[in-house]
Peer 1: 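Starting off with a structure, shown below.
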Amino acid sequence: MVNLLKPPSVPSSRLATVTGLWRQHSLYDRRALKTGIVHFGPGRFFRGHLAYIIHNYLAQKDSQEQRWGICGVSLKSQQTITRLKPQRFLYTLTKHSSCAQNREEAQVIGSIREIVNGRDKCEYVLEKMASSSVHLVTLTITQGGYHLDKNFNLDTANEDIAHDLQNPSIPTTAIGFIVEALRRRRDRSMTPFTTLSCDNLPRNGDILQKAVLAYAELIDPQLAEYIRDNATFPNTVVDRIVPQEQESDSNYPNRLLQVRDRAPIVTEPFWQFVVEDKFTGDRPKWEDTGVTMTSDITPFLYMKSRFLNAVHSFIACLAVRAGIEYMHEAITLPEFNLFTRLLMDDIAAATPVPREMCEQYMEQVLLRLSNEALPDTTERISSETARKVGKYIFPILQDAYSRKVSMKRIILPVAAWLLAVREEASESGQPYHAKDTQSAITAIQEGAVISGILGLENCEQTEVVDNECQQALRDIQTHGLLTTLKNYSEGGLLNETVSA
Ligand SMILES: NC(=O)C1=CN([C@@H]2O[C@H](COP(=O)(O)OP(=O)(O)OC[C@H]3O[C@@H](n4cnc5c(N)ncnc54)[C@H](O)[C@@H]3O)[C@@H](O)[C@H]2O)C=CC1
Ligand SMILES: O=P(O)(O)OC[C@H]1O[C@](O)(CO)[C@@H](O)[C@@H]1O
């Protein structure tokens with residue numbers, strides 16, 4: 001690892017290649033690396049999280065463990081392949097923090113052996129998945145890649161799934177690949193691989209398993225039974241903020257490592273990977289490198305999905321209505337900061353986890369979100385809010401309702417988002433184009449109430465949620481967003497200094 005605080009600037013003509021730098025400073029022999037993991041969705045998060053964790057693992061372990069190299073599979077886009085192939089799938093990762101002493105640290109990541117296009121190389125991928133060296137299949141394909149309905153069940157009417165059901169031996173979806181590869185392994189009397197979802201879904205392994213079984217059942221009930229009895233889908237909790245690419249990203253490898261990188265990753269120092277320890281076969285000794293192996297992910301999931309993901313979405317919803325472009329700009333405004341602290345208190349009161357467990361985590365989240373060294377757009381975090389309300393926010397509302405915690409602050413950001421989507425603008429008229437499910441956008445613009453948008457029509461708490469939301473909408477429209485944040489913060493933490 002190269003760590004240079006004030007490196008000399010190098011003229012662009014003298015920048016080295018990533019491959020050249022790796023040759024000089026290689027931490028392990030990539031030629032000796034075997035493929036032990038097939039990964040679907042080699043996007044930014046995968047490159048900033050799992051590929052980084054595996055890289056560090058390979059760097060620490062002896063030759064015996066050099067069998068956990070990764071084969072990435074892209075089903076939707078050729079872009080990552082086009083950019084990474086010329087540099088043999090090596091890339092730089094820069095950790096950037098505004099609070100740590102070592103603000104910038106860059107390294108070259110070598111754990112990806114190859115990335116292939118699964119649509120063009122379907123048979124190659126299936127055989128790789130069915131090979132004896134592969135023990136893990138991992139996914140970061142976004143929620144859309146699972147083809148789920150709003151209850152997180154497989155949407156068998158989806159056209160890609162329908163295609164795969166008709167043509168199971170030439171799949172196009174991750175679910176189709178998993179089932180066909182497991183069939184091949186069964187027919188060859190091999191141990192099934194373990195499939196790890198690393199997407200932000202609540203109990204992602206359970207959701208994936210249910211989708212895989214529903215799909216397999218439609219193809220071959222005996223195969224479904226085999227998968228149910230023999231394959232495992234551990235739940236995971238994954239965390240690391242990996243923003244969308246910024247134009248300035250390539251400055252980091254240029255300046256810190258004196259290399260030119262066509263596909264750099266810039267991320268925060270923090271990462272978390274919690275894995276339910278139920279594997280069918282071999283796995284990396286992850287516990288040696290900071291991964292949490294556990295029999296129960298529940299408390300980790302509560303903390304992460306509520307205090308990081310939900311809070312992140314809440315701030316983004318408020319920020320887009322306020323016309324704020326970056327997350328750190330919002331969280332460091334006093335009105336936002338105080339409101340967020342109180343909101344976290346409400347969430348803690350609604351969450352069945354001991355308060356002491358939440359305290360430190362909450363502070364850490366505030367610090368992470370205010371990292372101005374890692375510009376993360378409110379647009380990225382507010383995208384797919386309709387889905388996120390279902391997966392992150394609705395469970396909090398349910399618990400708030402049953403524990404008699406006020407929903408006022410929890411609903412306010414949702415109301416702010418509804419207004420931004422409805423008016424396609426921030427409060428001051430800057431355009432806002434929600435990246436969201438079209439049906440949800442249409443419903444919002446036609447004036448649907450929040451319970452209708454969330455599909456909560458017949459729930460116990462429908463009326464309370466709708467009333468609170470209507471009130472919040474009126475408050476924002478009457479007083480403006482910042483004043484409403486102040487009003488909704490009255491009575492809480494008044495004597496505390498709000499850290500900006
Ligand atoms: N970026 C972040 O900070 C974090 C992201 N995640 C999760 O990681 C997942 C990926 O996010 P990013 O890597 O940031 O996004 P990205 O857009 O960089 O990558 C998404 C990847 O999924 C693939 N993909 C998209 N739709 C697909 C489909 N229908 N079928 C198969 N593959 C599909 C894309 O081709 C790409 O390889 C998301 O589920 C997100 O929840 C989790 C924690 C942090
Ligand atoms: O779009 P998704 O699936 O909610 O994932 C993004 C979430 O994950 C994170 O990037 C970090 O774990 C958060 O920043 C964000 O809340």
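Order of appearance sets the numbers: ligands from 1, and atoms from 1 within every ligand.
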Peer 1: State whether the shortest distance between N or O atoms of Ser74 and N or O atoms of ligand 1 falls below 3.5 angstrom.
Peer 2: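 Looking only at distances, the answer is no, because the N/O contact criterion of under 3.5 Å is not met.
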Peer 1: Out of Lys391, Lys76, Arg47, who is nearest to atom 29 (N) of ligand 1 when you count heavy atoms only?
Peer 2: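 When every heavy atom of Lys391, Lys76, Arg47 is considered, Lys76 comes closest to atom 29 (N) of ligand 1.
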Peer 1: Just which atoms of ligand 2 are under 4.0 Å from any heavy atom in Arg380?
Peer 2: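 Within the 4.0 Å cut-off of Arg380, ligand 2 contributes 10 (O), 14 (O).
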Peer 1: Identify whether NZ of Lys or CZ of Arg in Arg306 sits under 6.0 Å from the centre of the six-membered ring of Tyr302 and within 45° of that ring's axis.
Peer 2: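 That pair does not qualify as a cation-pi contact.
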Peer 1: My understanding is that we take every heavy atom of each candidate and find the minimum distance to atom 3 (O) of ligand 2. Doing that for Lys391, Glu384, Arg387, Gln143, which one comes out nearest?
Peer 2: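 Ranked by closest heavy atom to atom 3 (O) of ligand 2, first place is Lys391.
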Peer 1: Does the protein put a heavy atom under 4.0 Å from atom 15 (O) of ligand 1?
Peer 2: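 Neighbour list for atom 15 (O) of ligand 1 is empty of protein heavy atoms (cut-off 4.0 Å).
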Peer 1: Which ligand 1 atoms does Gly43 reach within 4.0 Å, using its non-hydrogen atoms?
Peer 2: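 Atoms satisfying the 4.0 Å criterion: 13 (O), 18 (O), 19 (O), 37 (O).
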Peer 1: Checking Arg240 against Tyr52: charged group under 6.0 Å from the ring centre and within 45 degrees of the axis?
Peer 2: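 Yes - Arg240 lies over the ring of Tyr52, closer than 6.0 Å to its centre and within 45° of its axis.
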Peer 1: I'd like to check which ligand 2 atoms, numbered from 1 as shown, lie under 4.0 Å from a non-hydrogen atom of Ile381.
Peer 2: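 Those qualifying, in numeric order: 14 (O).
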Peer 1: Using heavy atoms and a threshold below 4.0 Å, how should the contact between Tyr392 and ligand 2 be classified: side chain, backbone, both, or neither?
Peer 2: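 Answer for Tyr392: side chain.
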Peer 1: At what distance, to the nearest 0.5 angstrom, does CG of Asp249 lie from CD1 of Ile265?
Peer 2: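 Result: 8.0 Å between the selected atoms.
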Peer 1: Check His49 against ligand 2 and report side chain, backbone, both or neither, counting heavy atoms closer than 4.0 Å.
Peer 2: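 His49 to ligand 2: no contact under 4.0 Å from either part.
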Peer 1: What's the shortest distance from atom 13 (C) of ligand 2 to any protein heavy atom, and which residue and atom give it?
Peer 2: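 Sorting protein heavy atoms by distance from atom 13 (C) of ligand 2 puts His312 ND1, 3.1 Å first.
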Peer 1: Which option, Asn200, Thr267, Thr385, owns the non-hydrogen atom nearest atom 8 (O) of ligand 2?
Peer 2: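 Going through Asn200, Thr267, Thr385 one by one, Asn200 has the nearest heavy atom to atom 8 (O) of ligand 2.
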Peer 1: Does Tyr432 have Arg321 sitting over its ring (NZ/CZ under 6.0 Å from centre, angle to axis within 45°)?
Peer 2: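 Judged by the rule, Arg321 and Tyr432 form no cation-pi pair.
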Peer 1: Atoms of ligand 2 less than 4.0 Å from Leu308 heavy atoms?
Peer 2: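 In order of number, 11 (C), 12 (O), 13 (C).
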Peer 1: Regarding atom 32 (N) of ligand 1: of the candidates Thr172, Ile141, Thr173, which has the closest heavy atom?
Peer 2: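 Shortest heavy-atom distance from atom 32 (N) of ligand 1: Ile141.
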Peer 1: Side chain, backbone, both or neither: which part of Lys388 comes within less than 4.0 Å of ligand 2 when only heavy atoms are counted?
Peer 2: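 The part of Lys388 near ligand 2 is the side chain, not the backbone.
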Peer 1: Would you say that Ser111 contacts Tyr57 through its side chain, given a criterion of any heavy-atom pair below 4.5 Å between the two side chains?
Peer 2: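 Answer no - side chains too far apart.
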Peer 1: Find all atoms of ligand 1 within a distance of less than 4.0 Å from any non-hydrogen atom belonging to Ile241, and give their numbers and elements.
Peer 2: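 Selected atoms, number and element: 3 (O).
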Peer 1: Would you check whether Arg380 reaches within less than 4.0 Å of ligand 1, judged by its heavy atoms?
Peer 2: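 The answer is yes, since Arg380 has a heavy atom less than 4.0 Å from ligand 1.
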Peer 1: Applying a strict 4.0 Å limit to heavy atoms, is Thr140 in contact with ligand 1?
Peer 2: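 Contact check Thr140 vs ligand 1: positive.
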Peer 1: Which value, rounded to the nearest 0.5 Å, describes the distance between His312 atom NE2 and Phe307 atom CZ?
Peer 2: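 The NE2 atom of His312 sits 15.5 Å away from the CZ atom of Phe307.
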Peer 1: Which atoms of ligand 2 sit under 4.0 Å from any heavy atom of Arg240?
Peer 2: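 Every atom of ligand 2 under 4.0 Å from some heavy atom of Arg240: 11 (C), 12 (O).
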Peer 1: Looking at atom 26 (N) of ligand 1, is any protein heavy atom nearer than 4.0 Å to it?
Peer 2: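 It does: a protein heavy atom is found less than 4.0 Å away from atom 26 (N) of ligand 1.
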Peer 1: Which of the atoms of ligand 1 are close to Gly145, meaning less than 4.0 Å from one of its heavy atoms?
Peer 2: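 That gives atoms 28 (C), 29 (N), 30 (N) of ligand 1.
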Peer 1: Counting heavy atoms only, which of Asp376, Val242, Val237 is nearest atom 3 (O) of ligand 1?
Peer 2: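 Checking each option, the heavy atom nearest atom 3 (O) of ligand 1 is found in Val242.
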Peer 1: Could you tell me whether Lys388 sits above the aromatic face of Tyr392, with NZ or CZ closer than 6.0 angstrom to the six-membered ring centre and within 45 degrees of the axis?
Peer 2: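 Because its charged atom misses either the 6.0 Å distance or the 45° angle limit, Lys388 does not stack over Tyr392.
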Peer 1: Does Arg409 make a cation-pi contact with Tyr488 (under 6.0 Å, within 45 degrees of the axis)?
Peer 2: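 Cation-pi check for Arg409 and Tyr488: fails.
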Peer 1: Identify the protein heavy atom lying closest to atom 16 (O) of ligand 2, giving its residue, its atom name and the separation to 0.1 Å.
Peer 2: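 Minimum-distance protein heavy atom for atom 16 (O) of ligand 2 reads Asn309 ND2, 2.9 Å.
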Peer 1: Please identify which atoms of ligand 2 are closer than 4.0 Å to at least one heavy atom of Asp239.
Peer 2: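 Result: 11 (C), 12 (O).
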Peer 1: Looking only at non-hydrogen atoms, find the nearest pair between Thr236 and Ser197 and report the distance.
Peer 2: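 Looking at all heavy atoms of both residues, the closest pair is OG1-O, 2.6 Å.
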Peer 1: Please report the closest heavy-atom contact between Leu213 and Ala224, naming both atoms and the distance.
Peer 2: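 Taking every non-hydrogen atom into account, CD2-O, 3.5 Å.
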Peer 1: Can you name the atoms of ligand 1, numbered from 1 with element, that are less than 4.0 Å from a heavy atom of Pro42?
Peer 2: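 Those atoms are 37 (O).
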Peer 1: Below 4.0 angstrom from a heavy atom of Lys304, which ligand 2 atoms are there? Numbered from 1 as shown, please.
Peer 2: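 Matching atoms, with element in brackets: 12 (O).
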Peer 1: Examine the proximity of ligand 1 to Arg240 and report which part, side chain or backbone, both or neither, has a heavy atom under 4.0 Å away.
Peer 2: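 Contact part for Arg240 vs ligand 1: backbone (N, CA, C, O).
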Peer 1: Distance to 0.1 Å, residue and atom name: give those for the protein heavy atom nearest to atom 4 (C) of ligand 1.
Peer 2: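 Result: Phe45 CD1, 3.3 Å.
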Peer 1: Testing the 3.5 Å rule here: is there a donor-acceptor pair between the side chains of Thr267 and Arg44?
Peer 2: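 Checked: Thr267/Arg44 side chains show no N/O donor-acceptor pair below 3.5 Å.
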Peer 1: What distance do His147 atom NE2 and Ile141 atom CD1 have between them, rounded to the nearest 0.5 Å?
Peer 2: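 The NE2 atom of His147 sits 7.0 Å away from the CD1 atom of Ile141.
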Peer 1: Record the part of Asp199 in heavy-atom contact with ligand 2 below 4.0 Å; permitted values are side chain, backbone, both and neither.
Peer 2: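 For Asp199, no heavy atom sits under 4.0 Å from ligand 2.
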